[in-house]
Novice: 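I have a structure here, written as structure tokens, and I will follow up with some questions on it.
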Amino acid sequence: MFKEVIVAENAGFCFGVKRAVETSTSANEDNNSTIYTFGPLVHNKNVIDFLKEKGISHIDMPDLDRLGPEDTVIIRSHGVTPEVMKQIKSTGVQVTDATCPFVTAIHKRIKEYYDLGYQIIIVGDENHPEVVGSNGWCNNTAIITKDGSNLDTKAKKICIVAQTTEKKANLDKVVEVISGLGGEVVTFNTICSATKERQKSAEETSRIVDVMMVVGSRSSSNTTKLYEICSKNCENTIFIDNSSEIPKWIFESENIKKVGLTAGASTPDWIIQDVLDKLAAYTEGCR
Ligand code: SF4
């Protein structure tokens with residue numbers, strides 16, 4: 001039996017994801033048209049299945065040809081390039097933009113500094129939809145880097161931004177590399193507050209537990225980063241998609257007294273609660 005389960009202070013759905021899910025479901029209720037999201041709304045299978053049950057599915061660029069004015073397309077929190085937005089609108093569909101305001105703020109920064117002649121550097125995952133979308137705001141000219149190791153620019157004016165879910169340590173590394181190259185550097189720490197809070201509380205919790213559970217999808221960038229952060233502090237850090245993946249050894253080991261739990265910004269409350277319910281049967285307390 002565990003002594004206690006400690007839930008990280010900030011865990012689960014962030015403001016931007018919650019807003020995107022609510023926008024989609026309420027559009028579905030209010031509207032006679034069929035609702036589609038442009039790409040999977042979040043990187044979490046449980047949420048995608050939930051939306052599917054409500055009749056909301058996702059489409060990609062090639063599917064646009066078969067849509068028309070009677071359909072609604074929701075832009076997810078990751079945002080899109082101006083070009084993609086133009087293409088979607090040109091089909092005549094109704095468009096609801098659920099781009100997270102933190103992402104929109106990055107688009108504005110990138111456009112402003114690109115127009116002023118700065119080379120844009122984005123610290124993040126080059127294939128992540130948010131980064132792909134952001135790159136479109138400087139005509140796809142950004143240099144995208146994880147940690148600065150691939151940087152060798154001769155640009156005289158450089159503007160650095162970060163993917164909203166990036167680790168601060170990676171942004172710091174890139175700033176250090178770029179500062180060493182000379183030239184004018186403007187840096188915006190665009191890691192969003194939801195990410196900062198989740199990473200901070202996950203780090204704190206993982207320091208004081210015997211097992212740390214990270215709940216969410218492996219395809220979620222922000223959840224994966226929580227896993228990486230917790231793994232540094234707690235060697236028994238495990239990644240689970242839902243309660244069915246809780247390994248048996250957690251319940252069998254005599255040495256496990258404290259179990260910590262965090263969850264990515266795309267992990268819904270009902271999945272977290274389900275994990276807590278399963279742990280509760282083996283727990284003396286929860287905080
Ligand atoms: S992780 Fe941050 S930027 Fe991304 S949707 Fe959530 S609040 Fe918005």
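Numbering of residues begins at 1 and proceeds along the displayed sequence. Note that the structure is predicted; figures quoted are calculated from it, not measured. In each ligand, atom 1 is the first atom listed, and ligand 1 is the first ligand listed.
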Novice: With atoms numbered from 1 as shown, which atoms in ligand 1 lie under 4.0 angstrom from a non-hydrogen atom of Cys192?
Specialist: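 Counting from 1, the qualifying ligand atoms are 1 (S), 2 (Fe), 3 (S), 7 (S).
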Novice: Is the closest basic N to carboxylate O distance between Glu166 and Lys173 below 4.0 Å?
Specialist: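 Not counted as a salt bridge, because no side-chain N and carboxylate O are separated by less than 4.0 Å.
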Novice: Considering non-hydrogen atoms of the protein only, which is the closest contact for atom 8 (Fe) of ligand 1, and what is the distance?
Specialist: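 Checking every protein heavy atom, the shortest distance to atom 8 (Fe) of ligand 1 gives Cys100 SG, 2.3 Å.
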Novice: Of all the non-hydrogen atoms in the protein, which one sits nearest to atom 4 (Fe) of ligand 1, and at what distance?
Specialist: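 The closest heavy atom on the protein side is Thr164 OG1, 3.8 Å.
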Novice: So do Val186 and Ile158 actually touch side chain to side chain, heavy atoms under 4.5 Å?
Specialist: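 Ile158 does not reach Val186 side chain to side chain.
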Novice: From Cys14, does some N, O or S atom reach closer than 2.8 Å to atom 6 (Fe) of ligand 1?
Specialist: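 Checking Cys14: at least one N, O or S atom is under 2.8 Å.
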Novice: Salt bridge or not between Arg76 and Asp97? Use side-chain N to carboxylate O under 4.0 Å.
Specialist: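 Here Arg76 does not pair with Asp97 in a salt bridge, since their nearest N and O are not under 4.0 Å apart.
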Novice: Rounded to the nearest 0.5 Å, how far apart are OG of Ser134 and CZ of Arg109?
Specialist: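 Here the interatomic distance stands at 13.0 Å.
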Novice: Considering only heavy atoms of Phe102, which atoms of ligand 1 have at least one such atom less than 4.0 Å away?
Specialist: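 Once the distances to Phe102 are compared, the set is 3 (S), 7 (S), 8 (Fe).
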Novice: Over 60° means perpendicular and under 30° means parallel, so tell me whether His107 and Trp137 are parallel, tilted or perpendicular.
Specialist: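 The rings of His107 and Trp137 lie parallel, inter-plane angle below 30°.
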